[in-house]
Amino acid sequence: MKKLELLAPAKNLECGIAAIDHGADAVYIGAPRFGARAAAGNSVGDIAALCRYVHQFDAKVYVTTNTIIFDDELDDTFRLIEELQAVGVDAILVQDMSIVNCQLSIGLHASTQADNRTPEKVAWLRSQGFSRVVLARELSLEEIREIHERVPDVELEVFVHGALCVSYSGQCYLSQHCFGRSANRGECAQMCRMKYDIVDADGREIAHQRHFLSLKDLCRIDDLEALADAGAVSFKIEGRLKDVGYVKNVVSAYSQRLDALCRKRPDDFQRASRGRVNYFFKPDLKKTFNRGFTDYFLHCKRDEQGILQGRQADIVSLDTPKALGEYVGRVKEIRRDSLTVAGTAAFANGDGICFFKGSEREWKGSEREVKGNDLVGFRVNRVEGNRLFPLKMPEGLRPGMVLYRNHDIAFEKVLSGKTSERKIPVKMVFREVPDGFELSFDEGIGMKDEGECRKGVLKIEKTLAEKPQRENIVRQLTKLGNTPFVCDEIVIEGDADKYFIPSSQLTELRRQVCLTPSPSQREGKEKPTPNPSPREGSWNFHEGGFLLNVSNHLAREFYEGQGVAVEPAFELKEPPQAMLMQCRHCLRYTLGYCVKHGGQKPTWREPLSLRLADGRAFRLEFDCKNCQMNVFSR
């Protein structure tokens with residue numbers, strides 16, 4: 001029986017609680033420092049409060065300590081990890097290998113920032129004590145399955161939803177190169193969302209000012225079963241900078257799909273945490289922030305020549321890095337102060353509408369529209385049926401243009417209210433014992449594994465009642481109110497209801513059991529035992545140097561102990577003509593000029609370069625053997 005975990009982002013305590021309430025089995029949250037989203041840090045006190053809430057449902061809290069660390073930060077890092085262990089976090093996510101030899105009583109997860117894309121790398125990480133590895137987003141089902149088959153004793157975590165980095169995580173230095181803001185330090189300037197020209201070796205412009213590195217958002221909600229069969233156990237939603245509405249909507253959508261999968265295959269899968277969620281709204285992924293969706297390279301396969309087959313050209317959002325939202329119709333008519341929409345969508349005052357000002361976004365066969373389109377938005381001031389009255393009529397709007405809604409005021413209002421309730425269903429058993437009465441909660445209802453019981457004992461002198469007390473016992477014991485429990489069944493054994501028991505003492509017994517930790521909460525956490533076999537844990541450091549992101553003396557000593565010659569991290573010393581990105585996304589393929597995939601022969605002279613509007617250019621290298629595009633500083 002495989003336990004499946006839905007892992008949700010928590011910008012803060014509020015988002016973390018909302019994630020659990022809407023069906024997440026675990027949350028990941030940033031600490032005050034050293035997380036890969038510098039703007040999403042949280043106090044240790046808030047993380048402690050989150051742990052207390054989350055652990056009621058046997059769910060888990062993972063903390064991101066996945067930046068590279070400088071020498072003068074090591075002591076603070078180790079103190080922080082000690083504090084996190086003390087408040088009950090279940091694991092930390094790590095990129096910097098200086099942390100590996102810490103004395104940990106919690107799980108050690110290899111962040112995707114550690115660049116985890118091969119079976120050899122995953123096996124090596126397992127040999128160093130990592131219990132879980134977060135795989136690169138670029139991997140296909142075929143590659144995930146191979147990793148699982150070769151390293152079956154490590155948990156595999158995969159991204160299923162949210163924003164995509166165009167470079168392999170941990171291998172992007174473009175922001176550091178241009179602005180001194182390191183992605184490996186949680187300070188990415190999002191260079192991939194900017195506009196670029198493509199120019200050839202002769203300086204000829206091939207394409208003008210488009211978002212060539214801005215990918216659509218990931219969405220694998222239809223692939224959860226395939227991912228589970230391939231070996232994934234944790235399904236990760238990206239978004240530690242997203243608000244609580246995003247968390248509610250996306251977590252609910254994925255949790256309901258995972259529940260459906262567990263109902264479909266009850267002998268194979270079950271959820272990793274406890275609790276039954278009642279939803280008071282219908283989730284809709286199109287209604288929260290997205291740049292359009294892609295499953296990325298999930299269904300690609302390599303042929304006998306090693307060429308990656310099954311690529312999709314439209315994984316990139318060429319026209320805008322902003323949220324597009326849902327399609328709502330076309331412009332039917334334009335008047336002086338309003339427009340009529342042809343479509344079935346219902347609108348509300350305050351809706352945000354957008355359209356592309358320029359030629360239509362159409363993809364026909366191998367023809368690619370290379371003329372840029374600008375996304376223009378406006379707020380709806382008043383609605384009369386399908387006639388919209390903007391506060392100010394936007395320029396460039398014409399009949400026939402496609403309209404999208406990127407802010408649905410009615411949906412946001414729904415999300416701002418109570419949208420779910422999560423309770424652990426229990427069977428309550430009340431029985432007589434020699435020195436009083438015992439109450440137990442069996443939490444195994446609906447679970448395939450053995451039920452877990454919380455128990456409490458009321459020591460009291462027994463007095464026979466004038467009449468049976470069943471009704472009052474049931475009434476007092478089932479008042480579960482704001483606790484995480486709901487009573488699905490209550491059993492009063494034997495003649496336990498023939499005694500008089502004051503209501504106040506029944507209430508105290510119920511509270512005692514509610515506050516008793518479950519057996520799983522009482523179990524101590526142990527650090528996973530490292531794999532001692534160097535043969536099974538070996539890894540060829542063929543791409544070493546600054547790509548290992550070694551920024552402190554402990555990490556350097558760690559790698560040197562593995563026999564690896566290292567160089568300082570890019571953030572400490574920028575190499576000349578350095579590789580700034582490694583991407584599976586390929587512009588030659590996207591533009592229809594990859595001959596290995598049936599594209600036309602290029603008319604330009606390579607190398608091509610990406611050029612910003614200010615004139616800064618970055619050389620492109622097409623590594624066709626590995627189906628990879630590399631971006632260089634020059």
Side-chain angles (χ1 to χ4, degrees), residues 1 3 20-21 25 48-49 51-61 86-88 90 105-106 266 270-278 421-526:
M1 173 72 66
K3 292 189 176 183
I20 295 299
D21 286 347
D25 302 291
C51 288
R52 289 192 294 271
Y53 187 82
V54 165
H55 290 162
Q56 295 179 104
F57 301 96
D58 286 342
K60 296 181 178 180
V61 175
V87 301
D90 297 280
S105 60
I106 55 178
Q270 70 177 45
R271 297 297 295 273
S273 63
R274 299 183 183 275
R276 182 173 61 207
V277 183
N278 291 322
E421 183 177 67
R422 181 170 182 167
K423 296 286 186 179
I424 299 171
V426 297
K427 176 182 178 181
M428 304 176 74
V429 179
F430 182 75
R431 61 174 62 91
E432 182 183 359
V433 292
D435 55 350
F437 301 91
E438 180 187 85
L439 175 65
S440 64
F441 285 7
D442 182 351
E443 302 173 27
I445 296 176
M447 304 291 289
K448 281 290 180 182
D449 58 353
E450 184 177 343
E452 294 192 351
C453 287
R454 304 169 192 250
K455 294 181 180 180
V457 175
L458 172 62
K459 294 183 178 181
I460 187 174
E461 184 177 338
K462 299 170 187 174
T463 304
L464 290 173
E466 295 180 359
K467 59 181 180 180
Q469 297 293 295
R470 179 180 178 83
E471 184 177 334
N472 187 56
I473 292 172
V474 171
R475 180 168 58 250
Q476 299 304 326
L477 294 184
T478 57
K479 288 181 179 179
L480 293 170
N482 293 325
T483 73
F485 306 103
V486 61
C487 179
D488 272 13
E489 180 184 1
I490 183 168
V491 175
I492 299 178
E493 292 185 349
D495 296 327
D497 60 347
K498 71 180 183 181
Y499 299 100
F500 172 74
I501 308 172
S503 295
S504 61
Q505 296 201 21
L506 289 171
T507 299
E508 183 58 34
L509 176 60
R510 184 194 71 229
R511 289 174 177 167
Q512 179 190 147
V513 179
C514 287
L515 294 174
T516 301
S518 70
S520 63
Q521 289 174 303
R522 293 194 293 268
E523 291 174 359
K525 300 182 180 74
E526 295 183 1

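Only this structure's heavy atoms are used, side chains among them; waters, hydrogens and symmetry mates stay out.
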Is there a side-chain contact between [X] and [Y] in this structure, where contact means two heavy atoms from C-beta onward sitting under 4.5 Å apart?
{"X": "E508", "Y": "L458", "result": "no"}
{"X": "D90", "Y": "H55", "result": "yes"}
{"X": "R274", "Y": "P484", "result": "no"}
{"X": "Y499", "Y": "Q469", "result": "no"}
{"X": "I492", "Y": "V474", "result": "yes"}
{"X": "I490", "Y": "F430", "result": "no"}
{"X": "I460", "Y": "P502", "result": "yes"}
{"X": "R431", "Y": "F437", "result": "no"}

For residues [X] and [Y], report the shortest heavy-atom separation together with the two atoms involved.
{"X": "K455", "Y": "V513", "value": "C-CG2, 4.0 Å"}
{"X": "L480", "Y": "C487", "value": "CD1-N, 3.5 Å"}
{"X": "R454", "Y": "T516", "value": "NH1-O, 2.6 Å"}
{"X": "A59", "Y": "I20", "value": "CB-CD1, 3.8 Å"}
{"X": "L477", "Y": "L506", "value": "CD2-O, 3.6 Å"}

What is the distance from atom [atom1] of [X] to atom [atom2] of [Y], rounded to the nearest 0.5 Å?
{"X": "S503", "Y": "I473", "atom1": "OG", "atom2": "CD1", "answer": "9.5 Å"}
{"X": "L464", "Y": "K498", "atom1": "CG", "atom2": "NZ", "answer": "6.0 Å"}
{"X": "I424", "Y": "E443", "atom1": "CD1", "atom2": "CD", "answer": "5.0 Å"}
{"X": "K459", "Y": "L509", "atom1": "NZ", "atom2": "CG", "answer": "13.0 Å"}

Original post:
Applying salt bridge (charged side-chain N to carboxylate O under 4.0 Å, His left out), which residue pairs with at least one partner in residues 462-474 are found, sequence neighbours left out?
Top reply: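 Counting only pairs at least two positions apart or across chains, the salt bridge (charged side-chain N to carboxylate O under 4.0 Å, His left out) contacts touching residues 462-474 are E432-K462, E471-R475.
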Original post:
Checking R510 side chain against K479 main chain: does a donor-acceptor pair fall under 3.5 Å?
Top reply: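 Such a contact is found between R510 side chain and K479 backbone.
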Original post:
If only atom types and distance count, is the side chain of N278 paired as donor or acceptor with the main-chain N or O of E421 below 3.5 Å?
Top reply: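 No; zero donor-acceptor contacts below 3.5 Å.
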**OP:** From the options K427, R276, K423, select the one residue that forms a salt bridge (Lys or Arg N to Asp or Glu O under 4.0 Å) with D488.
**Re:**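 It is R276; the other options fail the test.
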Original post:
So, are K3 and D58 salt-bridged, with charged N and O less than 4.0 Å apart?
Top reply: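 Salt bridge: no.
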